[in-house]
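Here the structure is laid out as structure tokens; the discussion comes afterwards.
Protein chains get the first letters and strands the later ones, always in sequence-line order, with residue 1 at the start of each.
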Amino acid sequence: MARLKFLCDADRCIECNACVTACKNEHEVPWGINRRRVVTINDGKPGERSISMACMHCTDAPCAAVCPVACFYGTADGLVLHDKDLCIGCGYCFYACPFGAPQYPRVGNFGGRGKMDKCTYCAGGPQQDNSRVEYTQYGSNRIAEGKLPLCAEMCSTKALLAGDGEIIASIYKERVQRRGFGSGAWGWRTAYKETVTT
Amino acid sequence: MSRSLALRAGGALLALALVAAPAAAQQQNTQGQGTEGPAGGAPEVQSVVPEVGDGRGGMNNQVPETTEKQAPTGGERPAPMREVAPTPAAPITAPPPNTARGDTSADEMELQRTLRGGVIEGRTTLPDTAAAILIQPEGRDWREFRNQWLFWIGAAAVVGTVALLALTFLVSGRKRIEAGRSGRSILRFGVLERVNHWMVAVSFVLLGLSGLNITYGALALRPIIGPEAFTALTFWGQAVHQYLSFPFVLGLFVMVAVWLRDNLPTKVDIAWIKAGGPVAKGHPPAGRFNAAQKALYWFTMGGGGLVALSGYVLMFPFTVTDVGGQQWAHIVHGLMAMVMIAAILGHAYIGSIGMEGALEAMSTGRVDYNWAKEHHSLWLEQETAKAREAVAPPSGARAVGAD
Ligand code: HEM
Ligand code: SF4
Ligand code: SF4
């Protein structure tokens with residue numbers, strides 16, 4: 001079984017935000033919620049890098065560990081998904097998540113922040129695959145159709161890679177060897193307790 | 001010739017479309033008003049879809065940007081192509097070494113933040129400021145706190161206190177009024193004091209239960225009642241937790257107003273503690289509140305204040321602080337809540353089954369004369385002195401038949 005991961009090659013990312021837009025469009029993500037975002041560090045300074053970030057689908061996921069109603073579940077491919085029918089919108093998963101992935105429809109916590117929303121790796125939720133109800137709650141389920149996440153599929157510079165962890169790591173390693181530089185696999189140490197050594 | 005005509009026609013079309021677009025949008029806007037449009041006034045179509053016609057699209061079908069005459073395309077090139085590449089005047093230097101790109105390294109930055117704290121932060125184009133934090137490894141520490149520290153400290157505090165109180169009750173039993181009931185009673189707490197006390201008490205119990213459900217419910221309740229029922233319970237529990245914060249905090253303020261003066265420490269308190277406090281032989285003198293009660297008072301005021309402050313930070317997340325601050329607010333809230341639950345369990349024990357004659361102070365408001373004499377002798381003296389003064393004749397009054 002594959003272990004699905006994301007890897008953003010920050011030396012290729014041009015901060016075009018196409019992944020962000022593609023994600024919002026594919027899943028009809030509501031206003032104010034971004035399942036994926038591009039963060040530019042050292043903006044305008046030496047060492048500037050842009051990194052496209054969403055839920056990393058962590059190993060031993062912190063969000064799942066702190067959820068007071070235990071609404072997360074893991075898939076055989078290593079994805080971390082959640083059941084919106086069980087979520088109470090307490091906001092704890094955001095405090096635990098190292099990547100700021102969980103998003104909420106409401107700003108205040110007075111009476112709950114609404115059902116948490118986050119990147120599903122285009123794998124939907126616990127509902128029947130590709131059903132209407134799954135689509136309205138979680139967006140489309142490309143994984144069930146045998147496709148990879150749209151953000152990575154349509155990345156113009158192929159900075160964002162999605163797929164089996166070992167395969168995308170080897171693609172990244174080869175790139176780094178060819179071009180002679182690479183700032184590393186962002187978030188991997190934190191999410192998977194491993195790094196891509198080149 | 002026909003081509004340039006088409007070009008010009010296309011340009012005119014586009015210009016028309018540009019002028020027409022806002023006008024069209026405006027029209028849409030006014031039409032939308034009062035009709036069954038999506039939201040009052042919002043146009044159903046948010047922008048006019050540009051015509052894809054002759055003037056737009058297509059590889060080379062560019063639109064002239066000026067009114068100047070354009071050189072017709074497809075003619076002779078202004079300069080002939082070079083046969084060979086020009087030799088550069090200066091030699092091309094090797095590309096700058098890698099280090100010139102700045103030695104940003106994901107592994108190093110993450111490791112450093114994990115060990116030393118802090119976040120990897122940048123800039124986004126999103127209005128959500130929390131989105132600019134790329135990685136906050138502290139989330140793992142907070143998880144450790146909530147799932148390990150808070151879990152075990154809370155369990156030890158609550159279960160430990162209950163066990164300790166049960167043991168106390170078994171060993172020393174109920175503390176009796178030694179002199180027995182006198183049959184006479186004296187007013188200890190007025191209506192405002194009692195109503196306020198029970199408002200705080202009821203809110204506290206429900207706050208505590210709904211809070212403990214957040215900490216332990218997934219482990220203790222969810223397997224029994226099932227995920228759906230547990231979510232419903234926790235959702236309503238959260239609502240209860242948030243709404244009852246208001247009477248709880250209001251009650252704390254009232255307690256400050258009515259009980260602060262009687263809780264200021266005095267010399268009597270030192271003597272009371274030196275005599276052995278709650279386990280003293282005999283009954284050391286005490287004012288309206290003894291040193292232990294004063295300590296509980298200050299603890300509840302301080303702890304309640306902290307719990308309320310941190311609770312409101314949690315209730316309105318990211319209004320005053322960032323994710324690190326939210327985590328700290330939760331740590332303060334959780335720890336303080338557990339310690340307070342333990343302390344209040346002890347308080348409730350003494351006030352009910354632990355001591356004869358104590359509960360009526362908060363129910364009817366009146367306590368037995370002998371109970372007051374044993375536990376709050378100085379207060380009783382003060383009260384009786386006050387009462388005597390009240391019924392005494394005015395100092396200028398002359399005795400009946402004096403003249
Ligand atoms: C006074 C005002 C208070 C406010 C505004 C407040 C607010 C909150 C909020 C917003 C949370 C986060 C969980 C959620 O929203 O579902 C929370 C958690 C919690 N509160 Fe309170 N609270 C207050 C008082 C108390 C008191 C008096 C207690 C204890 C008796 C208490 C015990 C707890 C506990 C145990 C948790 C769960 C901690 C955890 O497991 O993570 N709270 N509170
Ligand atoms: S990135 Fe955040 S939301 Fe995604 S699995 Fe990890 S902790 Fe959970
Ligand atoms: S917001 Fe929802 S998913 Fe996140 S921890 Fe709370 S209940 Fe769980």
Side-chain angles (χ1 to χ4, degrees), chain A residues 10-11 15 17 20 32 34 37-43 45-51 53 62-63 65-71 83 85-92 94-100 103-104 107-113 180-190 195-197, chain B residues 97-98 100-111 113-114 119-128 130-140 142-143 146-147 213-215 217-219 222 227-228 230-232 234-235 237-239 242-243 314-319 323 326-327 330:
Chain A
D11 299 275
E15 202 202 350
N17 278 293
V20 178
N34 286 281
R37 66 194 192 281
V38 180
V39 179
T40 305
I41 61 170
N42 298 325
D43 192 23
K45 292 190 261 256
E48 171 179 326
R49 295 289 185 286
S50 290
I51 300 114
M53 185 59 86
C63 53
V66 300
C67 177
V69 293
C71 75
D83 187 340
D85 290 336
L86 295 182
C87 169
I88 58 165
C90 67
Y92 278 17
F94 188 91
Y95 301 155
C97 173
F99 306 107
Q103 305 280 302
Y104 307 91
V107 180
N109 198 1
F110 198 30
R113 302 180 63 187
F181 54 83
S183 59
W186 289 87
W188 275 47
R189 178 188 280 281
T190 311
T195 54
V196 181
T197 42
Chain B
N98 245 341
R101 292 178 51 83
D103 47 359
T104 312
S105 159
D107 305 342
E108 261 171 51
M109 283 177 84
E110 282 174 56
L111 182 64
R113 301 302 194 283
T114 309
V119 297
I120 302 176
E121 204 171 356
R123 193 189 60 81
T124 57
T125 47
L126 302 174
D128 177 8
I133 295 178
L134 181 70
I135 303 176
Q136 57 113 2
E138 281 146 339
R140 296 231 172 222
W142 179 75
R143 165 197 179 167
R146 202 191 99 90
N147 287 11
N213 179 52
I214 289 170
T215 320
L219 189 84
R222 195 178 188 266
E228 281 83 17
F230 180 67
T231 280
T234 312
F235 180 79
Q238 174 178 253
Q242 300 185 343
Y243 278 99
L314 289 173
M315 225 158 106
F316 303 100
F318 305 105
T319 33
V323 65
Q326 291 294 129
Q327 291 165 350
H330 173 273

Scored by heavy-atom pairs under 4.5 Å with chain A, the best of E121(B), M109(B), R222(B) is R222(B)
Under 4.5 Å from any heavy atom of chain B, what part of D85(A) do you find: side chain, backbone, both or neither? backbone
Looking only at heavy atoms and a cut-off of under 4.5 Å, which of A218(B), S105(B), P127(B), A131(B) has the most pairs with chain A? A131(B)
Check whether the ring centres of Y104(A) and F318(B) lie less than 6.0 Å apart, and answer yes or no. no
Tell me, side chain or backbone of D107(B) under 4.5 Å from chain A's heavy atoms, or both, or neither? both
Using 4.0 Å as the upper bound for N to carboxylate O, is an ion pair formed by E15(A) and R123(B)? yes
Going from CZ on R143(B) to SG on C63(A), what distance comes out if it is rounded to the nearest 0.5 angstrom? 9.0 Å
Most heavy-atom pairs under 4.5 Å with chain B, out of N42(A), T195(A), D43(A), belong to D43(A)
Rounded to the nearest 0.5 Å, what's the gap from CE on M315(B) to CZ on R113(A)? Could you check? 13.0 Å
Could you tell me which of R140(B), H330(B), Q327(B) has the largest number of non-hydrogen atom pairs under 4.5 Å with chain A? R140(B)
Heavy-atom cut-off 4.5 Å, strictly under: side chain, backbone, both or neither for L219(B) against chain A? neither
Do you know which of T124(B), I133(B), I135(B) has the most heavy-atom pairs under 4.5 Å to chain A? I135(B)
Heavy-atom cut-off 4.5 Å, strictly under: side chain, backbone, both or neither for E110(B) against chain A? both
Give, for atom CZ of R37(A) and atom CG of N17(A), the distance between the pair rounded to the nearest 0.5 Å. 11.5 Å
When heavy-atom pairs shorter than 4.5 Å are enumerated against chain B, which of G100(A), P62(A), G184(A) gives the highest number? P62(A)
Could you give the distance from OG1 (T319(B)) to CD (Q326(B)), rounded to the nearest 0.5 Å? 7.0 Å
Using a 3.5 Å distance criterion without hydrogens, assess whether the side chain of D128(B) forms a donor-acceptor pair with backbone atoms of G32(A). no
Look up atom CZ in F230(B) and atom SG in C71(A), then write down how far apart they are to the nearest 0.5 Å. 11.0 Å
Given that the side chain runs from C-beta out, which part of L126(B) has a heavy atom under 4.5 Å from chain A: side chain, backbone, both or neither? side chain
With only heavy atoms counted, which part of V38(A) is less than 4.5 Å from chain B, the side chain, the backbone, both or neither? backbone
